[in-house]
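Per chain, numbering begins at 1; letters A, B, ... match sequence-line order.
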Amino acid sequence: MLYRRMLLFYALAWPALAAERPFFITYTHQMEEPGNLEVATRGVTANPGGAARFFGVTAELEYGVKAWWTTELYLDGVAVRHDSAVFTGYRWENRFRMLSREHWVNPALYVEFENINGADRSLLEVVGHDGRDDLIGTNDALRQERKREVEARLILSSNIRGWTVSENLITEKNVRHEPFEFGYAVGVARPLALAARPGRCNLCPENFQAGVELYGGLGTHDAFGFRRTSHYIAPTLAWTSAAGMTVKASPGFGLNDQSAGFVLRVAVSYEIPQFDRWLRKR
Amino acid sequence: MNKLGKLSLCLCLAVGQGTAQARDRRLEPLSQAPGKAAQRGNPYASQPGAAGAGQKLYERECSGCHGTAGQGGRRGPAVASPTVAQSPPGAIFWVLRNGSLRAGMPSFSHLPEAQRWQIVTYLKSLQ
(Lines give C-alpha, C1' and ligand atoms only; values in the text may rest on other atoms or scores of the structure.)
Protein backbone atom coordinates (compact mmCIF):
# COMPACT_ATOMS: atom_id res chain seq x y z
CA MET A 1 0.00 0.00 0.00
CA LEU A 2 2.80 2.37 1.01
CA TYR A 3 4.70 1.82 -2.20
CA ARG A 4 1.52 2.16 -4.24
CA ARG A 5 1.03 5.58 -2.66
CA MET A 6 4.62 6.47 -3.40
CA LEU A 7 4.06 5.48 -7.02
CA LEU A 8 0.95 7.65 -7.06
CA PHE A 9 3.00 10.62 -5.78
CA TYR A 10 5.42 10.07 -8.63
CA ALA A 11 2.71 9.53 -11.22
CA LEU A 12 1.23 12.90 -10.23
CA ALA A 13 4.57 14.59 -10.27
CA TRP A 14 6.00 12.89 -13.37
CA PRO A 15 4.94 15.00 -16.33
CA ALA A 16 7.49 17.57 -15.38
CA LEU A 17 10.82 18.58 -16.50
CA ALA A 18 14.17 21.06 -16.97
CA ALA A 19 16.15 21.93 -13.99
CA GLU A 20 19.09 23.53 -15.65
CA ARG A 21 20.23 24.56 -12.21
CA PRO A 22 22.62 21.77 -11.28
CA PHE A 23 22.01 22.07 -7.53
CA PHE A 24 19.33 20.81 -5.18
CA ILE A 25 19.57 23.34 -2.35
CA THR A 26 21.53 26.26 -3.78
CA TYR A 27 19.77 28.71 -6.08
CA THR A 28 21.42 30.82 -8.72
CA HIS A 29 20.29 34.14 -10.23
CA GLN A 30 19.15 32.28 -13.34
CA MET A 31 15.45 32.87 -13.92
CA GLU A 32 12.91 30.77 -15.79
CA GLU A 33 12.35 32.16 -19.28
CA PRO A 34 9.12 34.18 -19.56
CA GLY A 35 6.15 32.00 -20.44
CA ASN A 36 8.03 28.74 -19.85
CA LEU A 37 6.78 26.19 -17.37
CA GLU A 38 9.16 23.76 -15.78
CA VAL A 39 7.64 20.67 -14.22
CA ALA A 40 9.84 18.73 -11.88
CA THR A 41 9.75 16.07 -9.28
CA ARG A 42 12.44 15.44 -6.74
CA GLY A 43 12.92 12.77 -4.14
CA VAL A 44 15.08 12.48 -1.06
CA THR A 45 15.73 9.44 1.06
CA ALA A 46 17.65 8.77 4.27
CA ASN A 47 17.42 6.69 7.41
CA PRO A 48 18.56 9.10 10.09
CA GLY A 49 20.21 7.50 13.07
CA GLY A 50 19.09 4.03 12.03
CA ALA A 51 15.42 5.04 12.28
CA ALA A 52 12.86 4.09 9.62
CA ARG A 53 13.86 5.12 6.10
CA PHE A 54 11.83 7.99 4.73
CA PHE A 55 11.22 8.98 1.14
CA GLY A 56 10.29 12.61 0.62
CA VAL A 57 8.74 13.63 -2.70
CA THR A 58 8.25 17.14 -4.00
CA ALA A 59 6.40 18.13 -7.16
CA GLU A 60 7.41 21.51 -8.56
CA LEU A 61 5.81 23.84 -11.05
CA GLU A 62 8.09 26.73 -11.98
CA TYR A 63 6.88 29.51 -14.24
CA GLY A 64 8.66 32.48 -15.75
CA VAL A 65 6.36 35.47 -15.23
CA LYS A 66 8.87 38.07 -16.42
CA ALA A 67 12.50 37.92 -17.40
CA TRP A 68 13.24 39.18 -13.85
CA TRP A 69 10.55 37.26 -11.92
CA THR A 70 10.08 33.52 -11.50
CA THR A 71 7.37 31.94 -9.39
CA GLU A 72 7.19 28.36 -8.20
CA LEU A 73 4.72 26.09 -6.43
CA TYR A 74 5.85 23.03 -4.49
CA LEU A 75 3.67 20.18 -3.26
CA ASP A 76 5.35 18.02 -0.65
CA GLY A 77 4.73 14.50 0.58
CA VAL A 78 6.58 11.86 2.53
CA ALA A 79 6.47 8.08 2.82
CA VAL A 80 8.03 6.39 5.85
CA ARG A 81 8.87 2.72 5.85
CA HIS A 82 6.59 0.64 8.09
CA ASP A 83 4.49 3.75 8.65
CA SER A 84 2.48 5.71 6.08
CA ALA A 85 2.60 8.10 3.16
CA VAL A 86 1.14 11.56 3.71
CA PHE A 87 0.81 14.90 1.99
CA THR A 88 2.74 17.38 4.08
CA GLY A 89 1.92 20.77 2.58
CA TYR A 90 2.80 23.33 -0.04
CA ARG A 91 5.26 26.12 -0.65
CA TRP A 92 4.99 29.16 -2.87
CA GLU A 93 8.23 30.76 -3.90
CA ASN A 94 9.15 33.87 -5.86
CA ARG A 95 12.57 34.87 -7.12
CA PHE A 96 13.49 38.33 -8.32
CA ARG A 97 16.55 39.34 -10.23
CA MET A 98 17.77 42.59 -8.72
CA LEU A 99 20.10 44.03 -11.37
CA SER A 100 19.31 44.35 -15.04
CA ARG A 101 22.84 43.63 -16.28
CA GLU A 102 25.22 40.78 -15.67
CA HIS A 103 28.02 41.43 -13.16
CA TRP A 104 30.77 39.45 -11.48
CA VAL A 105 28.37 38.79 -8.62
CA ASN A 106 24.67 38.86 -9.38
CA PRO A 107 22.18 39.31 -6.56
CA ALA A 108 18.69 37.86 -6.60
CA LEU A 109 16.02 37.87 -3.91
CA TYR A 110 14.05 34.79 -2.98
CA VAL A 111 10.86 34.91 -0.89
CA GLU A 112 8.87 31.82 0.01
CA PHE A 113 5.79 31.09 2.06
CA GLU A 114 5.43 27.55 3.26
CA ASN A 115 2.48 25.86 4.90
CA ILE A 116 3.72 22.43 5.86
CA ASN A 117 3.53 20.12 8.84
CA GLY A 118 6.22 18.57 11.00
CA ALA A 119 6.19 15.32 9.00
CA ASP A 120 7.66 17.13 6.01
CA ARG A 121 11.08 15.73 5.20
CA SER A 122 11.73 17.20 1.80
CA LEU A 123 14.88 18.90 3.15
CA LEU A 124 14.72 21.75 0.66
CA GLU A 125 16.80 23.83 3.03
CA VAL A 126 18.58 23.38 6.34
CA VAL A 127 18.23 26.28 8.78
CA GLY A 128 18.55 27.03 12.49
CA HIS A 129 19.13 23.89 14.51
CA ASP A 130 17.48 21.54 12.00
CA GLY A 131 19.01 18.15 12.50
CA ARG A 132 18.69 14.41 12.59
CA ASP A 133 16.16 14.38 15.43
CA ASP A 134 13.63 16.38 13.36
CA LEU A 135 13.55 13.53 10.84
CA ILE A 136 12.73 10.76 13.30
CA GLY A 137 9.21 9.87 14.35
CA THR A 138 5.91 8.62 13.00
CA ASN A 139 4.00 10.65 10.47
CA ASP A 140 0.97 10.78 12.77
CA ALA A 141 2.95 12.30 15.61
CA LEU A 142 4.99 14.69 13.51
CA ARG A 143 2.13 16.04 11.41
CA GLN A 144 0.48 17.54 14.51
CA GLU A 145 2.98 20.37 14.28
CA ARG A 146 1.95 23.09 11.81
CA LYS A 147 4.65 25.17 10.19
CA ARG A 148 3.62 28.39 8.52
CA GLU A 149 6.90 29.98 7.68
CA VAL A 150 8.36 32.70 5.54
CA GLU A 151 11.76 32.05 4.08
CA ALA A 152 13.97 34.63 2.43
CA ARG A 153 17.27 34.17 0.67
CA LEU A 154 19.85 36.51 -0.69
CA ILE A 155 21.26 34.75 -3.73
CA LEU A 156 24.68 35.83 -4.93
CA SER A 157 25.85 33.99 -7.99
CA SER A 158 28.43 34.23 -10.72
CA ASN A 159 29.17 32.58 -14.04
CA ILE A 160 32.89 32.60 -14.59
CA ARG A 161 34.63 30.79 -17.43
CA GLY A 162 32.00 28.08 -17.54
CA TRP A 163 31.83 27.71 -13.77
CA THR A 164 28.65 28.49 -11.87
CA VAL A 165 29.38 29.68 -8.35
CA SER A 166 26.54 30.55 -6.02
CA GLU A 167 26.10 31.51 -2.39
CA ASN A 168 22.75 31.69 -0.60
CA LEU A 169 22.18 33.34 2.78
CA ILE A 170 18.94 31.97 4.18
CA THR A 171 16.63 33.19 6.92
CA GLU A 172 13.36 31.62 7.96
CA LYS A 173 10.69 32.75 10.39
CA ASN A 174 7.62 31.00 11.67
CA VAL A 175 4.81 33.52 11.24
CA ARG A 176 3.41 32.88 14.72
CA HIS A 177 6.30 32.24 17.04
CA GLU A 178 9.86 30.90 17.10
CA PRO A 179 12.95 33.01 16.49
CA PHE A 180 14.53 33.84 13.15
CA GLU A 181 16.54 30.89 11.88
CA PHE A 182 19.53 31.16 9.60
CA GLY A 183 21.26 28.91 7.13
CA TYR A 184 23.55 28.90 4.15
CA ALA A 185 24.07 27.02 0.90
CA VAL A 186 27.06 27.27 -1.41
CA GLY A 187 27.47 25.52 -4.74
CA VAL A 188 29.99 25.22 -7.56
CA ALA A 189 29.30 23.43 -10.85
CA ARG A 190 30.59 23.18 -14.39
CA PRO A 191 29.53 21.38 -17.56
CA LEU A 192 31.88 18.59 -18.62
CA ALA A 193 32.49 20.43 -21.92
CA LEU A 194 32.17 24.14 -22.54
CA ALA A 195 31.51 24.04 -26.30
CA ALA A 196 28.59 22.10 -27.76
CA ARG A 197 28.90 19.48 -30.47
CA PRO A 198 26.83 19.81 -33.62
CA GLY A 199 23.87 17.48 -33.97
CA ARG A 200 21.50 16.05 -31.41
CA CYS A 201 23.12 13.76 -28.92
CA ASN A 202 22.20 12.40 -25.53
CA LEU A 203 25.61 11.59 -24.14
CA CYS A 204 27.63 14.59 -25.32
CA PRO A 205 29.81 15.88 -22.47
CA GLU A 206 28.15 19.31 -22.59
CA ASN A 207 24.90 17.63 -21.52
CA PHE A 208 26.44 16.75 -18.15
CA GLN A 209 27.08 19.14 -15.29
CA ALA A 210 29.07 18.13 -12.25
CA GLY A 211 29.36 20.10 -9.06
CA VAL A 212 29.31 20.11 -5.33
CA GLU A 213 27.23 21.95 -2.78
CA LEU A 214 27.69 22.62 0.89
CA TYR A 215 24.77 23.61 3.09
CA GLY A 216 23.74 23.79 6.69
CA GLY A 217 22.23 25.74 9.57
CA LEU A 218 23.59 28.79 11.31
CA GLY A 219 21.44 28.75 14.44
CA THR A 220 18.90 31.37 15.43
CA HIS A 221 19.08 35.08 16.16
CA ASP A 222 19.54 34.38 19.87
CA ALA A 223 21.92 31.43 19.35
CA PHE A 224 23.75 32.24 16.15
CA GLY A 225 26.65 30.07 15.05
CA PHE A 226 27.58 26.49 14.26
CA ARG A 227 26.75 25.01 17.69
CA ARG A 228 24.12 22.22 17.48
CA THR A 229 23.64 22.77 13.75
CA SER A 230 23.84 20.25 10.94
CA HIS A 231 25.91 20.50 7.78
CA TYR A 232 26.15 18.50 4.57
CA ILE A 233 28.43 18.23 1.60
CA ALA A 234 26.88 16.84 -1.57
CA PRO A 235 28.40 16.19 -5.00
CA THR A 236 25.83 16.70 -7.76
CA LEU A 237 25.54 15.38 -11.27
CA ALA A 238 22.97 16.60 -13.78
CA TRP A 239 22.27 15.24 -17.24
CA THR A 240 20.05 16.85 -19.86
CA SER A 241 18.78 14.63 -22.66
CA ALA A 242 18.50 15.79 -26.26
CA ALA A 243 14.73 15.93 -25.73
CA GLY A 244 15.17 18.44 -22.89
CA MET A 245 14.56 16.26 -19.87
CA THR A 246 17.01 16.79 -17.02
CA VAL A 247 17.89 14.13 -14.46
CA LYS A 248 19.89 15.04 -11.37
CA ALA A 249 21.34 12.97 -8.55
CA SER A 250 23.21 13.95 -5.45
CA PRO A 251 24.52 11.81 -2.60
CA GLY A 252 24.85 14.01 0.50
CA PHE A 253 27.07 13.31 3.45
CA GLY A 254 26.40 14.69 6.91
CA LEU A 255 29.44 16.43 8.34
CA ASN A 256 28.64 16.16 12.06
CA ASP A 257 26.59 14.26 14.60
CA GLN A 258 23.57 16.52 14.17
CA SER A 259 23.31 15.63 10.47
CA ALA A 260 21.22 12.81 9.06
CA GLY A 261 24.18 10.78 7.83
CA PHE A 262 23.75 9.78 4.22
CA VAL A 263 21.07 11.56 2.19
CA LEU A 264 20.36 10.63 -1.42
CA ARG A 265 18.52 13.03 -3.72
CA VAL A 266 17.22 12.54 -7.25
CA ALA A 267 15.22 14.83 -9.50
CA VAL A 268 13.64 14.74 -12.94
CA SER A 269 12.56 17.91 -14.67
CA TYR A 270 11.24 19.06 -18.02
CA GLU A 271 10.56 22.46 -19.46
CA ILE A 272 7.49 23.28 -21.53
CA PRO A 273 8.40 26.28 -23.67
CA GLN A 274 5.84 29.07 -24.03
CA PHE A 275 3.30 27.29 -21.85
CA ASP A 276 1.04 30.36 -21.79
CA ARG A 277 0.76 30.31 -25.59
CA TRP A 278 -0.03 26.59 -25.51
CA LEU A 279 -2.75 27.22 -22.92
CA ARG A 280 -4.29 29.97 -25.02
CA LYS A 281 -4.51 27.65 -28.01
CA ARG A 282 -6.56 25.09 -26.04
CA MET B 1 -8.96 52.86 -57.23
CA ASN B 2 -11.53 54.93 -55.40
CA LYS B 3 -10.75 57.17 -52.43
CA LEU B 4 -11.85 54.58 -49.89
CA GLY B 5 -9.60 51.97 -51.50
CA LYS B 6 -6.61 54.33 -51.45
CA LEU B 7 -7.26 55.21 -47.81
CA SER B 8 -7.49 51.52 -46.85
CA LEU B 9 -4.22 50.77 -48.67
CA CYS B 10 -2.47 53.66 -46.89
CA LEU B 11 -3.79 52.46 -43.54
CA CYS B 12 -2.61 48.89 -44.19
CA LEU B 13 0.84 50.12 -45.20
CA ALA B 14 1.03 52.35 -42.14
CA VAL B 15 0.00 49.52 -39.80
CA GLY B 16 2.44 47.15 -41.51
CA GLN B 17 5.27 49.64 -41.18
CA GLY B 18 4.33 50.32 -37.57
CA THR B 19 4.45 46.61 -36.77
CA ALA B 20 7.82 46.24 -38.46
CA GLN B 21 9.13 49.22 -36.49
CA ALA B 22 7.74 47.76 -33.26
CA ARG B 23 9.53 44.50 -34.03
CA ASP B 24 12.74 46.34 -34.78
CA ARG B 25 12.37 48.22 -31.51
CA ARG B 26 12.58 44.90 -29.71
CA LEU B 27 16.04 44.50 -31.23
CA GLU B 28 17.16 47.78 -29.66
CA PRO B 29 19.25 46.03 -27.00
CA LEU B 30 21.71 45.24 -29.81
CA SER B 31 22.51 48.92 -30.10
CA GLN B 32 22.96 49.24 -26.33
CA ALA B 33 26.09 47.09 -26.24
CA PRO B 34 29.08 49.16 -25.07
CA GLY B 35 31.64 49.80 -27.81
CA LYS B 36 34.30 47.58 -26.26
CA ALA B 37 31.89 44.64 -25.95
CA ALA B 38 30.55 45.15 -29.47
CA GLN B 39 34.05 45.09 -30.92
CA ARG B 40 34.82 41.61 -29.60
CA GLY B 41 35.44 39.14 -32.38
CA ASN B 42 33.75 35.76 -32.54
CA PRO B 43 36.40 33.10 -31.90
CA TYR B 44 34.08 30.48 -33.38
CA ALA B 45 33.23 32.38 -36.58
CA SER B 46 35.37 30.24 -38.84
CA GLN B 47 35.25 27.03 -36.86
CA PRO B 48 33.61 24.16 -38.73
CA GLY B 49 30.60 22.81 -36.89
CA ALA B 50 30.11 25.95 -34.79
CA ALA B 51 26.98 27.00 -36.67
CA GLY B 52 25.58 23.45 -36.37
CA ALA B 53 26.23 23.41 -32.65
CA GLY B 54 24.76 26.90 -32.42
CA GLN B 55 21.64 25.76 -34.22
CA LYS B 56 21.18 22.94 -31.73
CA LEU B 57 21.58 25.37 -28.84
CA TYR B 58 19.31 27.92 -30.52
CA GLU B 59 16.56 25.33 -30.90
CA ARG B 60 16.82 24.45 -27.22
CA GLU B 61 17.26 27.89 -25.70
CA CYS B 62 15.86 30.48 -28.11
CA SER B 63 13.34 29.00 -30.55
CA GLY B 64 10.47 29.15 -28.03
CA CYS B 65 10.42 32.96 -28.31
CA HIS B 66 12.19 33.70 -31.60
CA GLY B 67 10.70 30.91 -33.72
CA THR B 68 12.27 27.71 -35.01
CA ALA B 69 13.69 29.48 -38.09
CA GLY B 70 14.31 32.79 -36.36
CA GLN B 71 11.16 34.28 -37.85
CA GLY B 72 10.13 35.81 -34.53
CA GLY B 73 7.09 35.31 -32.36
CA ARG B 74 4.80 37.04 -29.90
CA ARG B 75 7.52 37.25 -27.25
CA GLY B 76 10.65 37.65 -29.30
CA PRO B 77 11.57 39.60 -32.44
CA ALA B 78 12.77 37.96 -35.64
CA VAL B 79 16.46 37.18 -35.41
CA ALA B 80 16.68 36.10 -39.05
CA SER B 81 16.68 39.76 -39.94
CA PRO B 82 18.96 42.35 -41.53
CA THR B 83 19.35 44.08 -38.14
CA VAL B 84 20.91 40.97 -36.61
CA ALA B 85 22.88 40.14 -39.75
CA GLN B 86 24.44 43.61 -39.75
CA SER B 87 25.08 43.75 -35.99
CA PRO B 88 28.60 43.09 -34.79
CA PRO B 89 28.98 39.60 -33.30
CA GLY B 90 30.17 41.15 -30.05
CA ALA B 91 26.89 43.05 -29.68
CA ILE B 92 24.83 39.87 -30.11
CA PHE B 93 27.08 38.10 -27.61
CA TRP B 94 26.62 41.00 -25.18
CA VAL B 95 22.81 40.72 -25.42
CA LEU B 96 22.97 36.96 -24.85
CA ARG B 97 25.06 37.51 -21.73
CA ASN B 98 23.09 40.39 -20.24
CA GLY B 99 19.63 39.88 -21.63
CA SER B 100 17.28 42.83 -21.69
CA LEU B 101 14.97 42.47 -18.75
CA ARG B 102 12.74 45.38 -19.82
CA ALA B 103 12.28 43.87 -23.27
CA GLY B 104 11.55 40.46 -21.71
CA MET B 105 14.81 38.90 -22.86
CA PRO B 106 16.41 36.81 -20.11
CA SER B 107 20.15 36.54 -19.59
CA PHE B 108 21.82 33.40 -20.92
CA SER B 109 24.92 33.87 -18.83
CA HIS B 110 24.42 30.37 -17.43
CA LEU B 111 25.54 29.02 -20.80
CA PRO B 112 29.33 28.77 -21.10
CA GLU B 113 30.90 31.51 -23.21
CA ALA B 114 31.79 29.03 -25.96
CA GLN B 115 28.14 28.02 -26.36
CA ARG B 116 27.01 31.64 -26.54
CA TRP B 117 29.53 32.27 -29.32
CA GLN B 118 28.23 29.20 -31.13
CA ILE B 119 24.73 30.66 -30.98
CA VAL B 120 26.11 33.94 -32.35
CA THR B 121 27.73 32.01 -35.22
CA TYR B 122 24.38 30.39 -36.05
CA LEU B 123 22.48 33.68 -35.82
CA LYS B 124 24.94 35.33 -38.19
CA SER B 125 24.39 32.49 -40.65
CA LEU B 126 20.62 33.19 -40.74
CA GLN B 127 19.45 35.52 -43.47
Is chain B contacted by the side chain of A:P191, its backbone, both, or neither, given a heavy-atom distance below 4.5 Å?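 The answer is the side chain of A:P191.
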
A:A193 versus chain B, the contacting section by heavy-atom distance below 4.5 Å: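 Backbone only.
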
Taking the basic N atoms (NZ, or NE/NH1/NH2) and the acidic carboxylate oxygens, is any pair closer than 4.0 Å for A:E271 and B:R60?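 Salt bridge absent between A:E271 and B:R60.
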
Could you pull out every donor-acceptor pair under 3.5 Å between side chains of residues 92-99 of chain A and any protein atom, sequence neighbours left out?
unit_1	atom_1	unit_2	atom_2	d
A:W92	NE1	A:T71	OG1	2.8
A:E93	OE1	A:Y27	OH	3.0
A:E93	OE1	A:Y74	OH	2.7
A:E93	OE1	A:Y110	OH	3.4
A:E93	OE2	A:R95	NH1	2.6
A:N94	OD1	A:W69	NE1	2.9
A:N94	OD1	A:T71	OG1	2.9
A:R95	NH1	A:E62	OE2	3.2
A:R95	NH1	A:E72	OE1	3.4
A:R95	NH2	A:E62	OE2	3.3
A:R97	NE	A:L99	O	3.0
A:R97	NH2	A:R101	O	3.4
A:R97	NH2	A:E102	OE1	3.1

Would you find a donor on one side and an acceptor on the other, under 3.5 Å apart, between the side chain of B:K56 and the backbone of A:P198?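 Judged by distance alone, no pair lies under 3.5 Å.
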
Is it true that atom NZ of A:K173 has more than 12 heavy atoms of other residues, nucleotides or ligands lying nearer than 6.0 Å?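 Buried by this count: over 12 neighbours within 6.0 Å.
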
More than 12 non-hydrogen atoms from neighbouring residues, nucleotides or ligands closer than 6.0 Å to CZ on A:R200, yes or no?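 Counting other residues, nucleotides and ligands, CZ of A:R200 stays at 12 neighbours or fewer.
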
Show me the side-chain donor-acceptor pairs of residues 155-162 of chain A shorter than 3.5 Å, one per line, residues at least two apart or across chains.
unit_1	atom_1	unit_2	atom_2	d
A:S157	OG	A:H29	N	3.0
A:S157	OG	A:H29	ND1	2.4
A:S158	OG	A:W104	O	2.7
A:N159	OD1	A:T164	OG1	3.3
A:N159	ND2	B:S109	O	3.4
A:N159	ND2	B:S109	OG	3.0

Check the pair B:L57 / A:E206 against side-chain contact (heavy atoms from CB on, under 4.5 Å), numbers first and verdict last. CA-CA 11 Å; B:L57 294 166; A:E206 72 268 17; 6.0 Å; no

Chain A contact residues among residues 94-105 of chain B, heavy-atom distance under 4.5 Å: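 Residues in range: B:W94, B:R97, B:N98, B:L101, B:G104, B:M105.
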
Sort by residue number and list every residue of residues 112-121 of chain B having at least one heavy atom under 4.5 Å from chain A.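 So far as heavy atoms go, B:P112, B:A114, B:Q115, B:Q118 are the residues that approach chain A to under 4.5 Å.
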
State, yes or no, whether a side-chain contact exists between B:E61 and A:E33 at a heavy-atom distance under 4.5 Å.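 Yes, close enough: below the 4.5 Å cut-off.
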
To the nearest 0.5 angstrom, please state how far the CD atom of A:Q274 sits from the OG atom of B:S63.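 It comes to 9.0 Å.
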
